There are 2 protein chains.
Amino acid sequence: MAEFVYKQIIDDLKKKIFAGQFADMRLPDERSLSELYQVSRSSVKQALTKMEHAGIIFKKRGSGTFINPLYIKNESVFNYEGSNLGVTDNFHMNGQKPQTRVLGFEVIPPTEELQRDLFLEPHDFVYKIVRLRLFDDVPFMFETGYIPIKIVQNLNQTIIEGSIFNYLENAHNLAVTKSFMSIFAEPSQEQDRELLLLKENEPVGIMEGIFFLDNGTPLEFSHMRIHYQYLKFNTFVSVQ
Amino acid sequence: MAEFVYKQIIDDLKKKIFAGQFADMRLPDERSLSELYQVSRSSVKQALTKMEHAGIIFKKRGSGTFINPLYIKNESVFNYEGSNLGVTDNFHMNGQKPQTRVLGFEVIPPTEELQRDLFLEPHDFVYKIVRLRLFDDVPFMFETGYIPIKIVQNLNQTIIEGSIFNYLENAHNLAVTKSFMSIFAEPSQEQDRELLLLKENEPVGIMEGIFFLDNGTPLEFSHMRIHYQYLKFNTFVSVQ
DNA sequence: AAGTGGTCTAGACCACTAC
DNA sequence: TAGTGGTCTAGACCACTTA
C-alpha cells in the first residue's frame with residue numbers, strides 16, 4: 001500500500017481532507033503540491049485525476065481544485081473508494097458482522113458467454129459459486145460468481161465462506177483492483193423475496209459484470225441480486 | 001470535437017473497433033500507436049486510459065490492451081460513452097421521438113443543501129424545473145433539476161421543453177462534460193406509478209447528483225426517477 | 001530475452017479564470 | 001497580468017508476461 005508516489009499523495013490528501021485541513025473546500029494548486037511533495041507535476045496530476053474519478057474532488061480549469069461537497073455529505077456512499085472491490089468491504093456495515101451462506105459450489109464447463117467475457121477456451125472449466133450474504137443474520141444480497149480454475153485451483157468450502165478476494169490477495173498475491181459493472185433494478189422474483197426477505201412490492205438491485213486482477217486478467221463474472229436498501233452506487237462520469 | 005490529439009486517437013480507435021479491425025480483441029501496443037499517430041506515448045496513454053474508463057478496453061500489464069467483451073456484447077448499454085450527458089442522448093431510444101412535458105418551472109432561493117452542492121450564496125436564486133420525459137408518448141422518467149440563475153438567466157418554456165444542455169452548448173458555449181451521480185432503487189410511490197405508468201410491484205430507479213460544466217463549474221443538481229426498465233447504468237470501477 | 005504497460009521526470013506552451 | 005489546470009513532448013527505468 002502506498003508504494004508509489006501518486007498513491008502516497010492520494011493517502012496524504014485524503015487524510016488532510018478528513019482532518020478538515022481545507023476549510024475553504026480548496027486544495028493547493030498543482031505546482032505547490034509538486035513542490036510540497038518534491039515530485040513532478042505529472043505525478044501530482046495523476047494523483048488528482050484518480051481522486052477526481054473516485055468522486056473526492058473536482059477540478060476547475062483556471063480556478064483550482066475543490067473538494068466534492070457530496071463526498072463530505074455522505075462518506076459511506078462512496079462504496080468503492082479507497083478499499084478493495086470485495087463485497088465484504090464495500091457494503092455499508094456500520095460495525096455489523098458479515099456472514100456468508102454457501103448455496104452452491106461446483107465446477108462446470110464455461111458457457112459461450114463466459115468464454116467471451118473471461119477470455120476462456122471451451123476446456124477452461126470454471127467454479128460456479130452461489131452465496132448468500134448477511135449482516136447480523138439479515139440477508140442483503142446473493143451472488144452467482146464464475147471463476148476459471150486455471151487462475152485458482154484450490155478453492156474450498158472454508159475459503160468461499162469468507163472473502164475470496166482477500167484469500168487471493170493473501171495466499172496468491174492476486175489483487176482485484178478493476179471491474180466493469182452494470183447496475184439496474186427489477187421487481188423481486190419469488191427466490192429474491194425468499195432469500196432477501198422482501199415484500200411483494202419491493203425490488204432488487206442488480207449489479208453484474210467482470211472483476212479484473214491488478215494485471216488486467218479477467219478473474220470473475222459476477223451476478224449480484226441485492227436488497228434495494230443496500231444498493232447505492234456512486235460514480236463519476238465524464239465525457240472525453 | 002476531436003480538436004486534441006488524444007481525442008482524435010479515441011475517435012479513430014473506436015471507429016476501427018466498430019469496423020471489426022481488431023478481430024483478436026487486441027489493440028496495437030502503445031509504442032506502435034505512438035509511431036502510427038506520430039505522437040508521444042503519453043498522449044497515446046491518455047487516450048487509452050480514457051477509453052478504459054469508458055468501458056471500451058482494458059489493459060493487461062505485460063500483455064497488451066484488449067477490447068472489453070461487454071462493450072461488444074451490448075453497445076447500447078454504455079449510455080454515457082461518447083456523447084454528452086443529457087437525458088435526450090443517453091437513454092435507449094431506438095429511433096423513438098423524445099418528448100418533454102413541463103410539470104413545474106419556477107425560481108426559488110437555494111436550500112442549504114443546494115448552496116453546498118452548487119457552491120452558492122443564499123442570494124443565488126435557482127430555477128426549479130420539473131419535467132416528465134417520454135418516448136412516443138410512453139413516459140420513462142421524471143426529473144427535478146435546480147440550476148443557478150447566475151449561470152443562465154434566460155431559460156423559458158420553449159428551451160426547457162427541449163434539451164437544456166444542448167441549448168447551453170449551442171447558445172452559450174457551455175458544455176456539460178462531468179457529473180457525480182448516485183444510483184439506487186426504491187419501491188414506486190403513488191406519484192411514480194401515476195406518472196410512469198408502473199404497477200404496484202414495479203420499482204423506480206433513481207439517479208441523483210451534480211452536473212458540471214467542462215470548466216468544472218457545478219451547473220445543476222438533478223433528481224431523476226426512472227421507470228426501472230429504462231435504467232441500466234454501466235461503469236468502470238478501479239481502486240487506486 | 002524481448003515485449004508490454006506502469007511510473008516518473010522536467011520541462012514547454014495553451015486556455016481559461018480572477019483581479 | 002498572474003495564476004490555474006489542460007495538453008503534450010521525449011525521454012528514463014521498472015514490473016510483469018510470454019516465449
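Chain letters run A, B, ... following the sequence lines, proteins first, then strands; residues in each count from 1. Everything quoted here is computed from the prediction, not taken from an experiment.
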Checklist line | Proximity to the side chain of B:Val39 - top-ranked nucleotide from D:dT9, D:dG5, D:dA15 | finding: D:dT9

Notebook entry, point to check: Whole Å only: how far is the NZ atom of B:Lys7 from the P atom of C:dC14?
Noted result: 18 Å

Checklist line | B:Glu143 side chain to B:Ser222 side chain, donor-acceptor N/O pair below 3.5 angstrom | finding: yes

Check: When you match A:Gly64 and A:Ser42 each to their closest nucleotide on DNA chain D, which lands nearer the 5' end?
Finding: A:Gly64

Next item on the list: Compare side-chain N and O positions of B:Tyr6 against OP1 and OP2 of D:dT7 and report whether any pair is under 4.0 Å apart.
Entry: yes

Next item on the list: Mind calculating the distance between CZ (A:Phe58) and P (C:dT17) to the nearest angstrom?
Entry: 14 Å

Notebook entry, point to check: Where the side chain of B:Arg31 is concerned, which of D:dG5, C:dT7, D:dC13 is the nearest nucleotide?
Noted result: D:dC13

Note to self: Can you tell me if A:Asn173 has over 12 outside heavy atoms packed within less than 6.0 Å of its CG?
What the structure shows: no

Notebook entry, point to check: Within this structure, what is the CG-to-P distance between B:Asn173 and C:dC16, rounded to whole angstrom?
Noted result: 8 Å

Notebook entry, point to check: Closest to the A:Ser63 side chain: D:dG5, C:dT17, D:dA15?
Noted result: C:dT17

Next item on the list: Starting from C1' on D:dT9, measure out to OH on B:Tyr37 and report it in whole angstrom.
Entry: 19 Å

Checklist line | side-chain N/O A:Lys45 vs D:dG5 OP1/OP2, d < 4.0 Å | finding: no

Notebook entry, point to check: Where the side chain of B:Lys60 is defined as all heavy atoms beyond and including C-beta, which of D:dG5, D:dT18, C:dT17 is the nearest nucleotide?
Noted result: D:dT18

Next item on the list: Could you please name the option among C:dT17, D:dG6, C:dA10 that lies closest to any side-chain atom of B:Asn215?
Entry: C:dT17

Check: Does a nitrogen or oxygen in the side chain of B:Thr65 sit under 4.0 Å from OP1 or OP2 of C:dG5?
Finding: yes

Check: Is a donor-acceptor contact shorter than 3.5 angstrom present between the side chain of B:Arg41 and the base of C:dG6?
Finding: yes

Next item on the list: Give the rounded distance in Å between these two atoms: CG of B:Asp29 and P of D:dA15.
Entry: 21 Å

Checklist line | Spacing of B:Asp214 atom CG relative to C:dA15 atom P, expressed in whole Å | finding: 14 Å

Next item on the list: For the side chain of A:Phe4, starting at C-beta, report the closest nucleotide among C:dC8, C:dG5, C:dT17.
Entry: C:dC8

Next item on the list: Evaluate whether atom CD of A:Glu161 has more than 12 neighbouring non-hydrogen atoms of other residues, nucleotides or ligands under 6.0 angstrom away.
Entry: yes

Check: In whole angstroms, how far is the P atom of C:dG5 from the CZ atom of B:Arg26?
Finding: 7 Å

Item checked: B:Gly162 backbone acceptor or donor facing B:Arg131 side chain under 3.5 Å -> yes

Note to self: Check for me whether the distance between the ring centres of A:Phe125 and A:Tyr146 falls short of 6.0 Å.
What the structure shows: no

Notebook entry, point to check: Any chance the rings of A:Tyr127 and A:Phe105 have centres within less than 6.0 Å?
Noted result: yes

Next item on the list: Tell me which nucleotide among C:dT9, D:dG6, D:dC8 gets nearest to the side chain of A:Ser43.
Entry: C:dT9

Notebook entry, point to check: B:Gln8 has an atom CD; how far is it from atom P of D:dT7, in whole Å?
Noted result: 13 Å

Note to self: With nearest nucleotide decided by heavy atoms, which residue, A:Gln38 or B:Leu48, maps closer to the 5′ end of DNA chain C?
What the structure shows: B:Leu48

